[in-house]
Novice: 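Sharing a structure below in structure tokens format, with a few things to ask.
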Amino acid sequence: MVTTVLERRPGSGLRRKLGAILLTAGLSAATLTLTGTAPASAEDADISCKPSQSVFAVKTTGELILYQFNDLSSTTARPVQTVAPGQIGQGWTPFPKLLAGPDGWIYATSTAGTWAYHWDGGKWDVQAKPLGTAFRSFADPARQDKLTMDSKGDFWAILDDGVLRRYEYNATTGAITGKPMATGFNVYNSITAAGDGVIYARSTTGVLHRYQFDKTSDRMVEHLQFGSGWNAYGTLFSVGGDTLLGIDGTGRLAQYRYRPGPNAAWLISNHTIGGGWQQFSTVVGMSNACNLTASFVPPAPAVPIENNSQIAVLQTTTGRIEYTYTDNIGQAQWGHQPDPTDFGGTAWTPINGPDAFTGTPGLVQGADNKVDITLHNINSRFAARIQTAQDSTLLGAPVDRAGLMASSAVSAKNPSTNKIVLFAVDGSGGLWAKAENTGGYLAWQKFPSPVLSGVPSVGPGAGNTLTVIARDTAGTYWAANWNGTTLSAFSSLGGSGFTGKASIVRYPGDLLRVFARDANGHVQTQKQTAAGTAFPGTWETVAPEQTWPGSPQAIMSPSTGLIEILALGADGKNYFAQEIAQGSGTWGQFKVVMPEVSEQYTPDPTPFIYTAGGVQKWAFVTHTQDFQVRVITASAAETAAAARSSLTTTTADPVFTSNALPAAPK
């Protein structure tokens with residue numbers, strides 16, 4: 001988040017102009033009093049409007065005129081002016097950009113900066129309060145329609161790089177704080193706020209889009225596209241409540257009102273209010289004159305504590321190994337191992353505080369080289385804990401990543417942007433992503449997908465992309481590619497009845513192999529036929545006579561190039577099956593990992609590759625029933641000379657060694 005401390009004073013020349021603006025105030029408080037009317041229809045019961053709905057218009061000669069309407073939202077009673085329009089100011093030509101906020105606030109922008117005014121209904125009680133230079137670029141004619149204000153008083157702007165940003169103004173500290181919300185908005189030439197976080201964006205081809213942002217969950221909860229032809233309106237403005245008013249080239253003022261929700265419809269469409277509005281250079285409406293009385297934001301899903309969730313693990317660029325997990329009562333732990341050869345040197349830090357967390361945390365190393373942990377609160381929100389500095393043993397204060405998701409978040413770093421992205425599934429089975437951007441994280445964005453269930457899997461993809469594989473409610477897996485800003489269409493992997501989470505292994509050449517558990521407990525696999533999401537759609541069974549209660553996990557051994565499959569047995573033992581030969585796609589029977597060890601384990605194992613002493617190795621991490629963490633390392637066995645000379649020849653089983661990590665504090 002970027003904070004800009006606002007300038008307190010404009011230039012002296014402009015101060016003289018600002019003082020002259022308010023010499024005329026032609027309406028009194030008494031003449032502005034209007035009588036409200038009861039809703040005239042069931043549709044009108046969905047909205048509540050102030051008795052007086054103010055519209056401010058600046059003539060080309062600089063006079064500011066106040067219009068008062070009382071039916072800008074009604075589907076039956078047509079808008080009327082209950083008092084004659086009156087002049088409330090003059091000399092407003094220095095401000096090419098004008099915004100009307102909630103409750104009589106006016107924000108005027110020139111190339112020198114922005115100033116705030118307040119009309120209390122009869123007079124200006126705040127005059128030319130400086131807001132600094134954050135928005136002065138929007139005085140440029142090419143940018144004037146790319147700045148708007150919603151009913152809560154938040155500024156929304158499309159920047160030249162196409163990023164949509166939201167800004168909050170703190171009247172006490174005099175600061176404006178902004179954060180990126182979405183990318184790709186350079187296709188729009190106009191945005192108009194029409195409610196709390198409701199943004200209508202008009203494309204350069206005249207197509208209208210509706211976006212709804214929920215501030216509580218930091219989500220873009222809806223994106224709709226409407227018909228074309230909206231470029232006919234040189235001016236679009238709103239008084240809130242999903243009302244839209246447009247002025248066309250002939251000076252005609254047209255009225256629209258959209259009803260969101262299950263019975264979505266345009267309740268008012270292209271109704272003519274009047275003409276002659278071409279005399280005005282700027283027309284804006286009080287942003288909260290109307291408000292919807294119903295919320296169409298999806299509720300928070302129930303999130304029970306997940307027992308025996310997997311441990312997340314990674315090795316940082318400096319060789320340290322990081323672990324994190326949540327236990328069966330909602331406590332979260334972070335393990336920091338400075339020396340990759342000294343598992344006993346791992347130090348644990350409890351990281352939950354007063355909250356309870358569930359599922360496998362998202363774990364990634366950011367572009368700043370700090371470890372980033374995303375935890376799923378049982379209230380369905382996400383909280384991040386980030387290292388205070390690279391290799392530090394301290395975590396910063398919790399960072400709210402909102403969300404209101406049913407699944408835990410999977411975090412990854414996109415190869416093309418080096419930015420973090422989080423993926424999660426909501427209570428209705430929708431897939432969401434929260435992507436890191438310059439200046440902060442974008443809002444959670446929903447992407448088209450089948451109705452999903454469980455936690456998605458994320459792995460490498462073709463051409464510096466990420467592959468997302470998720471399971472629908474029928475137990476079919478689907479794959480899509482994330483390019484750093486958007487997600488491709490999903491393609492089916494075929495079959496149904498699968499359970500749990502898929503495991504992804506990458507071959508050289510960006511080909512992926514996927515492993516999953518079918519309805520009968522068998523391990524199934526298939527491999528891409530071409531880089532991208534081109535899977536054949538048919539599954540092959542691994543060791544058909546063996547079944548498993550959990551999800552299989554797979555990894556390619558860096559020493560042999562063979563794929564190793566891991567599975568947790570019903571007896572609490574870990575089992576492995578090794579590929580017969582490189583690229584063969586055939587495996588032997590599953591065997592017990594370290595049959596001599598009597599310990600039992602509860603989560604699905606988490607395999608990972610790490611470097612120690614300059615040599616790449618593989619291992620997996622798990623824990624016992626009482627959350628004693630174990631790292632099981634794998635070493636290539638000594639084999640016959642003929643086998644060692646060719647990695648395409650059947651290789652002996654790896655040798656496994658159990659390494660006990662210190663117990664985490666409770």
Side-chain angles (χ1 to χ4, degrees), residues 32-56 66-80 82 99-107 118-121 148-156 166-169 181 191-201 208 210-224 236-246 255-269 271 273 283-299:
L32 288 173
T33 302
L34 298 178
T35 302
T37 57
S41 67
E43 288 83 1
D44 291 342
D46 294 338
I47 194 169
S48 175
C49 294
K50 297 179 184 295
S52 175
Q53 296 141 46
S54 300
V55 173
F56 302 87
L66 174 64
Y67 287 82
Q68 299 287 334
F69 294 92
N70 73 343
D71 284 310
L72 288 177
S73 70
S74 175
T75 57
T76 53
R78 293 310 184 190
V80 295
T82 55
L99 294 174
D103 302 323
W105 282 97
I106 299 290
Y107 300 90
H118 186 255
W119 177 258
D120 71 358
T148 188
M149 176 171 279
D150 70 13
S151 62
K152 295 298 184 183
D154 289 343
F155 294 88
W156 294 77
R166 179 176 62 87
Y167 298 86
E168 294 183 10
Y169 168 59
M181 305 303 297
I191 53 172
T192 304
D196 181 5
V198 175
I199 304 295
Y200 284 86
L208 193 66
R210 181 186 186 272
Y211 293 86
Q212 183 173 353
F213 169 71
D214 175 48
K215 192 173 181 177
T216 301
S217 61
D218 196 26
R219 292 179 296 173
M220 282 289 186
V221 294
E222 189 170 65
H223 173 205
L224 301 173
L236 283 171
F237 66 98
S238 175
V239 293
D242 273 276
T243 63
L244 277 180
L245 298 113
Q255 174 194 20
Y256 294 81
R257 180 185 152 204
Y258 179 73
R259 177 179 62 191
N263 300 311
W266 284 100
L267 300 178
I268 304 171
S269 180
H271 171 256
I273 295 177
V283 181
V284 292
M286 184 187 295
S287 66
N288 70 337
C290 294
N291 291 284
L292 299 180
T293 56
S295 172
F296 300 103
V297 175

Novice: Within the side chain of N288, is there an N or O that forms a donor-acceptor pair under 3.5 Å with the backbone of D103?
Specialist: yes
Novice: Quick one: ring pair (Phe, Tyr, Trp, His ring centres under 6.0 Å) partners of F213, sequence neighbours excluded?
Specialist: W156
Novice: So, the side chain of R210 versus the backbone of L224: is there a donor-acceptor pair under 3.5 Å, distance only?
Specialist: no
Novice: Using atom types as modelled and distance alone, determine if a side-chain donor or acceptor of Q255 lies under 3.5 Å from a backbone N or O of L72.
Specialist: yes
Novice: Distance from L292 atom CG to D196 atom CG, nearest 0.5 Å?
Specialist: 9.5 Å
Novice: If you define the side chain from C-beta out and look only at heavy atoms, does anything of M220 sit under 4.5 Å from Q212?
Specialist: no
Novice: Are any side-chain N or O atoms of D150 and backbone N or O atoms of D154, one a donor and one an acceptor, separated by less than 3.5 Å?
Specialist: yes
Novice: Rounded at 0.5 Å granularity, tell me how far CD1 in I199 sits from CZ in R166.
Specialist: 10.5 Å
Novice: Might you point out which heavy atoms bring F69 and P79 nearest each other, and give the distance in Å?
Specialist: CD2-CB, 4.1 Å
Novice: Answer yes or no: are there more than 12 heavy-atom neighbours, outside K50 itself, under 6.0 Å from its atom NZ?
Specialist: yes
Novice: Could you tell me whether a side-chain N or O of R219 sits under 3.5 Å from a main-chain N or O of P298, the two making a donor and an acceptor?
Specialist: yes
Novice: Looking only at atom types and distance, does a side-chain atom of D44 sit under 3.5 Å from a main-chain N or O of T75, one as donor and one as acceptor?
Specialist: yes
Novice: Do you know which two heavy atoms are closest between F296 and G261, and how far apart they sit?
Specialist: CD2-CA, 3.3 Å
Novice: May I have the step-by-step check of side-chain hydrogen bond (donor to acceptor under 3.5 Å, both in side chains) for Y256 and D242, ending in yes or no?
Specialist: CA-CA 8 Å; Y256 294 81; D242 273 276; over 6 Å; no
Novice: I want to check something: taking the side chain as every heavy atom from C-beta on, are V283 and Y67 in contact at a cut-off of under 4.5 Å?
Specialist: no
Novice: Side chains of L236 and Y200: closer than 4.5 Å at any heavy-atom pair?
Specialist: no
Novice: Can you name the closest pair of heavy atoms from S287 and A100 and give their distance?
Specialist: CB-O, 3.5 Å
Novice: For H271, give me all partners under ring pair (Phe, Tyr, Trp, His ring centres under 6.0 Å), at least two apart in sequence or on another chain.
Specialist: none
Novice: Is the backbone N or O of N291 less than 3.5 Å from a side-chain atom of S48, with the two atoms forming a donor-acceptor pair by type?
Specialist: no
Novice: Partners of F155 by ring pair (Phe, Tyr, Trp, His ring centres under 6.0 Å), sequence neighbours excluded?
Specialist: Y107, F135
Novice: Can you tell if the side chain of L99 reaches within under 4.5 Å of the side chain of I106, non-hydrogen atoms only?
Specialist: no
Novice: Can you name the ring pair (Phe, Tyr, Trp, His ring centres under 6.0 Å) partners of Y258, sequence neighbours left out?
Specialist: F226, W266
Novice: With sequence neighbours excluded, tell me which residues meet side-chain hydrogen bond (donor to acceptor under 3.5 Å, both in side chains) with T243.
Specialist: S238
Novice: Looking at every heavy atom in both G241 and I47, which two are closest together, and how far apart are they?
Specialist: O-CD1, 3.4 Å
Novice: Report the residues that fulfil side-chain hydrogen bond (donor to acceptor under 3.5 Å, both in side chains) with R259, sequence neighbours left out, ordered by chain and then residue number.
Specialist: none
Novice: Mind listing the closest non-hydrogen atom pair of A77 and D71 along with its distance?
Specialist: O-CB, 3.5 Å
Novice: Heavy atoms only: give me the nearest P102-G153 pair and the separation to one decimal.
Specialist: CD-CA, 3.7 Å
Novice: Any heavy-atom pair between the side chains of L244 and T192 that's under 4.5 Å?
Specialist: yes
